Number of protein chains: 2
Amino acid sequence: MRFKITCLFALLIVWCNNSYAQTPKIVYQDASKFHLYGKAFHTPQPYHRVDTARYSDLPIAVKRLLTHSAGLAVVFKTNSKTISAKWCVTNSKALNNLTPIAQKGLDLYIKKDGKWQFAGVGRPTDICSEFTLVKAMDNAEKECMLFLPLYDELKSLAIGIDEGSNIVALANPFKKRIVIYGSSIVHGASAGRPGMAYPAILSRNTGLYFMNIGISGNAKMEKAAAKMISDIEADAFVLDCVPNPSPKQIKERTEDFVKTIRANHTKAPIILIQSIFREQGNFDLDVRERVSQQNEEITAAFNRLRNAGVKDLYLITSEKLLGDDHDASTDGIHPNDLGFYRMAEGLAPQLTQIFNQYQIK
Amino acid sequence: MRFKITCLFALLIVWCNNSYAQTPKIVYQDASKFHLYGKAFHTPQPYHRVDTARYSDLPIAVKRLLTHSAGLAVVFKTNSKTISAKWCVTNSKALNNLTPIAQKGLDLYIKKDGKWQFAGVGRPTDICSEFTLVKAMDNAEKECMLFLPLYDELKSLAIGIDEGSNIVALANPFKKRIVIYGSSIVHGASAGRPGMAYPAILSRNTGLYFMNIGISGNAKMEKAAAKMISDIEADAFVLDCVPNPSPKQIKERTEDFVKTIRANHTKAPIILIQSIFREQGNFDLDVRERVSQQNEEITAAFNRLRNAGVKDLYLITSEKLLGDDHDASTDGIHPNDLGFYRMAEGLAPQLTQIFNQYQIK
């Protein structure tokens, strides 16, 4: 009997050693030392989008939403076969139109044959989570881009690699700097994972550096927001901010908003985008009418600005951005991944055609 | 002062009356009296898919998952301008790769110009929720289809309409009966809302009656499952059950599974579908190898069955089902709405070509 137990122990030790050999220890490094794609400003807390202490007149909700890491991604290079992460967010409530992966999770892309390709996600399990994003890779050197939570404040992030492998900083792989200011749709609702927000798809598809200033339920072209946007060092400004302000607010605020940006950026193209169709409006006549009025007002404001001599200003209309089968939303308000894919496919050629005229490429 | 207060009261009454006139009271009716699309069996609890008491040998997890209302939809007709719902689910935990709307919520479609079109969602707010799915419609008579929660047991459901409007039963609008047996992907992960699970898209696009027997993490072709599937009165059987069983299980179980169905359904076409590519396998060599082996084994089993003289058996290969940009999953395992859209687009012509030979149309 004792002999049998000894044998079992011996087997267990052999098995443990083998397992250990197959799965090396994971060692973690703080992610904030790597390049953070998508940042519009330097901020004291690295994963905030804006240091809102500098813009005290912004609405409180806007300030809070600008602490979300929407549109940010850590870029690095590693030859590790495994990539893990440890990260902490807040205890904010789950949103009913987002997956927890999109709201509080991570989304890893790796470059393959010159293209950024999906590799794995970090599933949030608590306020602080640890998760293996991808494993069992070959040990070639890989360029990695880790998209951060869309709808929460990221408190800390560490990237884990196999002990003995290396991880090094990767220079910013994107060119130029383009602001996208907008609503929850820019912010990323309702992408299934962080990398599917449409500004992120645009970056991967065009190689350009998009800065996500999506502010869910807001982006109403307030004066303080105009000041903040105009302070961003950028080559172009995309304003997808029609969905939330009322038609009256669009009428009253668009010209000031555009002129405030133009005052700081005399030659940068400014591109207005009409609101996408809200799929609630398939049957809700009030919603349909509101979106129609919003788009009329942004078009009228665009025409007034052009007539007043504002140059380098463009308007992209929204008829086809979500397709025509009406299946491209999660909740009748926000695009699903099909919708974001279609938006990126629809916007990329129109935006790059404009950008090309300004050598933004 | 007293005069002013009286005036305020009078104004308040006028305002309340006006509000009341604009938003009539909602009256509720139990939904179980209407036709339930997607049912494979009669069940004592109307929103269960299978009465698992009849199949005591099924694994416990399978029994529990078959109480989920995945793929079921209530069909009715109403001229109400508002459609609301009150419903109760369980206290099951939120899944990290699904939106709460998909897991525990509702998804309304209405027929327009002969096509089913998205109308609105029911957002779950608690174990029991009440939500306005759509409002401000015209008062024409409308055919409605309300998809039920994908990943929870629906305990009760009442449909609300404006007082004074009518709601009547609608006959089953779909033709024939087709079983889809499969994994979490059939079950509906990771659709953004219940109507985006691919069997539901297939029904809307083809007009055929698909019965969702998706069993998340399972569908491993157990003997008891073969018995259950073979008991379903159906015109065709689609088996998308390669993702979860091991290559060895596929080798050992496929022939028995197909033959058990064939024994009860001598002429019904049986269509095997290879596993979709798991996007984790972009870089995880183990995942890629496993899926490749699973698909080799299902192909080998298909060939053995055909060589053994089993007729009316088909195999659909999976190369293109998710597209080739690798962006069509939520978590590397489950399609997002882009993936489900592509799966339905890819499968519909292949399935209808087979079905046409059997007058299933």
Side-chain angles (χ1 to χ4, degrees), chain A residues 81 83 94-105 107-108 110 112 115 117-121 123-125 133-138 142 190-193 195-196 201 204 279-280 282-289 325-342, chain B residues 81 83 94-102 104-105 107-110 112 115 117-121 123-125 133-138 142 190-193 195-196 201 204 279-280 282-289 325-342:
Chain A
K81 293 182 178 183
I83 299 174
L95 298 167
N96 60 40
N97 60 354
L98 279 182
T99 67
I101 290 172
Q103 185 180 355
K104 293 168 179 278
D107 188 5
L108 180 68
I110 296 177
K112 190 175 191 175
K115 281 189 177 167
Q117 197 169 101
F118 171 81
V121 295
R123 298 174 189 256
T125 51
L133 301 158
V134 62
K135 60 171 183 55
M137 297 195 287
D138 65 43
K142 293 180 189 69
S190 297
R193 50 183 168 80
M196 289 302 285
I201 305 179
R204 293 197 301 275
E279 301 294 351
Q280 285 181 316
N282 291 326
F283 297 94
D284 183 324
L285 304 177
D286 291 349
V287 168
R288 195 189 303 176
E289 176 60 21
D325 56 13
H326 304 287
D327 261 347
S329 87
T330 289
D331 54 5
I333 300 170
H334 303 98
N336 54 19
D337 285 339
L338 176 62
F340 277 134
Y341 172 83
R342 288 175 175 168
Chain B
K81 293 182 177 182
I83 299 173
L95 298 167
N96 61 40
N97 59 355
L98 278 182
T99 68
I101 290 172
K104 294 167 178 278
D107 188 5
L108 180 69
Y109 277 71
I110 296 177
K112 191 176 191 175
K115 281 188 178 170
Q117 199 170 100
F118 171 81
V121 294
R123 297 175 190 256
T125 51
L133 301 159
V134 63
K135 61 171 182 54
M137 296 196 286
D138 66 41
K142 293 179 188 69
S190 295
R193 49 183 168 78
M196 289 302 284
I201 305 179
R204 293 197 300 276
E279 300 293 351
Q280 286 180 317
N282 290 326
F283 297 95
D284 182 325
L285 304 177
D286 291 349
V287 168
R288 196 189 302 177
E289 176 60 21
D325 57 13
H326 304 287
D327 261 348
S329 87
T330 289
D331 54 5
I333 301 170
H334 303 98
N336 55 19
D337 284 341
L338 176 61
F340 277 135
Y341 171 83
R342 288 176 174 168

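Only heavy atoms go into these numbers, but all of them, side chains included; no hydrogens, no water, no symmetry mates. Order of the sequence lines fixes the chain letters, A, B, ..., with proteins taken first and strands second; residue numbering starts at 1 for each chain. Remember, predicted model here, so these are calculated numbers, not experimental data.
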What distance do B/S190 atom OG and B/N96 atom CG have between them, rounded to the nearest 0.5 Å?
->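 B/S190 atom OG to B/N96 atom CG measures 8.5 Å (nearest 0.5 Å).
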Mind checking the CZ-CD spacing from B/F283 to A/Q117? Nearest 0.5 Å is all I need.
->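 Taking CZ in B/F283 and CD in A/Q117, the distance rounds to 5.0 Å.
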Among [options], which has the most heavy-atom pairs under 4.5 Å with chain A?
| options | answer |
| --- | --- |
| B/N97, B/T125, B/I333 | B/N97 |
| B/R204, B/K135, B/K104 | B/K135 |
| B/D284, B/D138, B/D286, B/T330 | B/D284 |
| B/R123, B/K115, B/E279 | B/R123 |
| B/A102, B/G192, B/A136 | B/A136 |

Part of [X] lying under 4.5 Å from any heavy atom of chain B:
| X | answer |
| --- | --- |
| A/L98 | backbone |
| A/L133 | neither |
| A/Y341 | side chain |

Region of B/Y109 that comes under 4.5 Å of a non-hydrogen atom in chain A |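 For B/Y109, side-chain heavy atoms alone lie under 4.5 Å from chain A.
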Under 4.5 Å from a heavy atom of chain A, the part of B/D107 involved =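 It is neither, since no heavy atom gets under 4.5 Å.
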For the residue pair [X] and [Y], establish whether any side-chain heavy-atom pair is separated by less than 4.5 Å.
| X | Y | value |
| --- | --- | --- |
| B/T99 | B/R193 | no |
| B/P124 | B/I101 | yes |
| B/K142 | B/V134 | no |

For chain B, which of A/G105, A/S329, A/G332 has the most heavy-atom pairs under 4.5 Å?
-> A/S329
Between A/D331, A/I201, A/V287, which residue shows the highest count of heavy-atom pairs closer than 4.5 Å to chain B?
-> A/D331
Verdict with supporting geometry, B/D325 and B/R342, salt bridge (charged side-chain N to carboxylate O under 4.0 Å, His left out) | CA-CA 12 Å; B/D325 57 13; B/R342 288 176 174 168; 2.9 Å; yes
Do you know the tightest heavy-atom contact between A/M196 and B/D327?
-> CE-O, 3.6 Å
